Amino acid sequence: MELTDTQKKFQESVREFCKQEVEPHAARIDQKGEFPHDVMDKVADFGLFGCVVPKEYGGLGVDTVSYAIAVEELSRVCGSTGITVAAHNSLGVMPFLLFGSQQQIEEYVPPLAKAKEGLSAFGLTEPEAGSDAGGTKTTGVRDGDDWIVNGNKCFITNAGVAKTLVITAKTDKIPGSRGISSFIVDKDTPGFIIGKKEDKMGLRGSDTRELAFENMRLSADKMLGKEGEGFKQFMIILDGGRVSIGAMALGLAQGAFDHCLRYARERELNNCPITGFQAIQWKLADMYTKIQCARHLIYHAARLEDAHRKFSTESAMAKLYASEIATEIAHDAIQVVGGRGYMEDMPLERIYRDVRLCEIGEGTSEIQRLVIARDLIKRVLD
Ligand SMILES: Cc1cc2nc3c(=O)[nH]c(=O)nc-3n(C[C@H](O)[C@H](O)[C@H](O)COP(=O)(O)OP(=O)(O)OC[C@H]3O[C@@H](n4cnc5c(N)ncnc54)[C@H](O)[C@@H]3O)c2cc1C
């Protein structure tokens with residue numbers, strides 16, 4: 001798990017940036033429940049919205065391990081900022097880099113890397129198609145060279161602050177997951193309706209919305225990749241996205257652990273620090289062991305991605321494990337701290353709420369287990 005010198009330097013600089021520019025605003029972002037444009041402008045200036053974008057298109061062009069480190073460090077101090085950056089890079093920008101034509105990449109990617117004119121979002125989930133995203137009901141019907149899109153999406157991260165979105169629609173009547181295609185949607189397209197911002201349990205500064213398409217006309221050049229390949233595409237996108245949600249969970253867990261350890265060292269009962277109690281020592285040991293295991297899984301999946309090797313199962317395992325232990329660690333951190341951990345003046349209660357999403361977004365824990373088990377069963381049969 002040793003990082004390269006370049007990765008370590010990147011980690012140090014992102015950590016310092018987060019400490020100076022993000023952490024001081026995290027409580028306010030949560031309490032206001034509004035998208036923090038001021039903080040996101042600083043994140044954009046630092047270049048983190050262009051983590052996955054090659055330098056030639058104006059991004060940082062860092063490797064996947066470094067990108068995971070960036071999401072981890074941001075989430076360690078502010079989950080809302082972490083998910084915003086993760087969704088933009090992994091879900092919003094990656095579809096262009098992986099499936100876009102040269103012309104689409106040149107037109108869309110450089111402004112998204114800079115993130116000055118708006119972010120990007122990925123509209124896959126629908127009211128009747130979440131875990132079963134292959135059951136997409138949104139339709140795209142040909143009209144001459146154009147496509148007419150009708151339907152709804154829900155729970156879409158960055159939807160209200162996006163300049164460009166990628167959405168999926170069924171373009172063929174074949175039943176099942178085949179016949180889905182991906183489209184690029186510019187925010188001002190007639191017939192594209194952005195719904196109200198969801199009021200969420202956690203990650204309250206992240207912008208999550210419904211989308212509606214009412215006879216939205218898209219020209220043929222707005223199709224991303226080949227017609228009918230949408231299902232295959234979003235399975236690939238989600239493999240990468242799961243590394244970033246795993247990194248987000250890891251950052252939240254590390255953040256909870258940081259606060260809990262600091263408090264435990266200082267808290268004295270009857271002139272004895274609570275770190276003298278074996279029950280507390282065991283909790284701290286278990287928490288840190290789980291964090292390090294999650295880190296290994298995430299960096300391993302990221303390294304496989306960097307090496308262009310198969311990493312679907314590894315990213316599912318990393319996301320599953322990191323999100324579940326992060327929930328446990330947020331819980332245990334409050335337990336170690338006691339009553340103070342329940343109060344808003346410590347960030348633990350915020351982390352406890354923020355972390356819950358990690359077991360749901362980009363495939364629930366149940367779906368991760370299906371992905372892992374299916375691969376295992378296939379491997380045995382081979
Ligand atoms: C804050 C937030 C941000 C999000 N951002 C985005 C985004 O940017 N873009 C996007 O497209 N989506 C986004 N989502 C949607 C997210 O990916 C879905 O919520 C998730 O995939 C689960 O779908 P669902 O909510 O419809 O639950 P359902 O699919 O209805 O699942 C309900 C329950 O049934 C279980 N279940 C379902 N199928 C199976 C099965 N085959 N076997 C066992 N159990 C099963 C699930 O695990 C879950 O426990 C976001 C969601 C949230 C909460």
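Quick caveat, the model's predicted, so the values are computed rather than measured. When a ligand or atom number is given, it counts from 1 through the structure's own listing order.
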Next item on the list: Only heavy atoms count here, so choose which of Phe234, Phe122, Phe155 is nearest to atom 5 (N) of ligand 1.
Entry: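 That would be Phe155.
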Within reach of ligand 1, part of Thr125 (heavy-atom separation under 4.0 Å):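 Both the backbone and the side chain of Thr125 come within reach of ligand 1.
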### Query
Is there any N or O on Leu124 that sits under 3.5 Å from an N or O of ligand 1?
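Leu124 vs ligand 1: N/O contact under 3.5 Å present.
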Review point. Can you find a pair of side-chain heavy atoms, one from Val85 and one from Val43, that are under 4.5 Å apart?
Key: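 In contact.
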- Determine, stepwise, if the pair Phe99 / Phe96 fulfils ring pair (Phe, Tyr, Trp, His ring centres under 6.0 Å). CA-CA 5 Å; Phe99 313 115; Phe96 287 96; over 10 Å; no
| task | Work out which heavy atom in Ile156 is nearest to a heavy atom in Ala121; give both atom names and the distance. | result |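 It is CG2-CB, 4.0 Å.
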Nearest protein heavy atom with distance in Å, relative to [atom]:
| atom | value |
| --- | --- |
| atom 49 (O) of ligand 1 | Glu366 OE1, 3.7 Å |
| atom 39 (C) of ligand 1 | Ile367 CD1, 3.9 Å |
| atom 36 (N) of ligand 1 | Ser131 OG, 4.2 Å |
| atom 3 (C) of ligand 1 | Thr157 OG1, 3.3 Å |
| atom 20 (C) of ligand 1 | Ile360 O, 3.5 Å |
| atom 26 (O) of ligand 1 | Gly130 CA, 3.3 Å |
| atom 41 (N) of ligand 1 | Leu370 CD1, 3.6 Å |
| atom 1 (C) of ligand 1 | Leu357 CD2, 3.5 Å |

Could you go through Arg379 and Thr313, starting from their C-alpha distance and side-chain angles, then the distance that decides it, and tell me whether this counts as side-chain contact (heavy atoms from CB on, under 4.5 Å)? CA-CA 11 Å; Arg379 270 194 224 168; Thr313 307; 4.2 Å; yes
Have [X] and [Y] got a donor and an acceptor in their side chains that come within less than 3.5 Å?
| X | Y | answer |
| --- | --- | --- |
| Asn150 | Thr139 | no |
| Glu107 | Gln103 | no |
| Gln7 | Asp63 | yes |

Distance filter under 4.0 Å to [X] heavy atoms, resulting ligand 1 atoms:
| X | value |
| --- | --- |
| Thr364 | 22 (C), 46 (C), 47 (O) |
| Ile156 | 7 (C), 8 (O), 9 (N), 10 (C), 11 (O) |
| Glu362 | 17 (O) |

| said: Tell me if a side-chain donor or acceptor on Asp30 pairs with a main-chain N or O of Ile351 at a distance below 3.5 Å. | reply: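 Such a contact is absent between Asp30 side chain and Ile351 backbone.
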Item to complete: Check the pair His37 / Val161 against side-chain contact (heavy atoms from CB on, under 4.5 Å), numbers first and verdict last.
Response: CA-CA 9 Å; His37 287 279; Val161 289; 3.9 Å; yes
Give me each pair satisfying salt bridge (Lys or Arg N to Asp or Glu O under 4.0 Å) with a member in residues 76-100, each pair once, sequence neighbours excluded.
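Found Glu73-Arg76, Arg76-Asp258.
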| request: Sequence neighbours left out, what pairs pass salt bridge (Lys or Arg N to Asp or Glu O under 4.0 Å) with at least one residue falling in residues 129-143? | output: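 Salt bridge (Lys or Arg N to Asp or Glu O under 4.0 Å) check on residues 129-143 returns Arg142-Glu227, Asp143-Arg217.
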For [atom], decide whether some protein heavy-atom distance is shorter than 4.0 Å.
| atom | answer |
| --- | --- |
| atom 52 (C) of ligand 1 | yes |
| atom 30 (O) of ligand 1 | no |
| atom 33 (C) of ligand 1 | no |
| atom 7 (C) of ligand 1 | yes |

Q. For Leu203, is the nearest heavy atom under 4.0 Å from an atom of ligand 1?
A.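 It does not; every heavy atom stays at 4.0 Å or beyond.
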message: Ring-plane angle category for Phe192 and Phe213, please: parallel below 30°, perpendicular beyond 60°, tilted otherwise.
response: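 If you compare the ring of Phe192 with that of Phe213, the planes turn out parallel.
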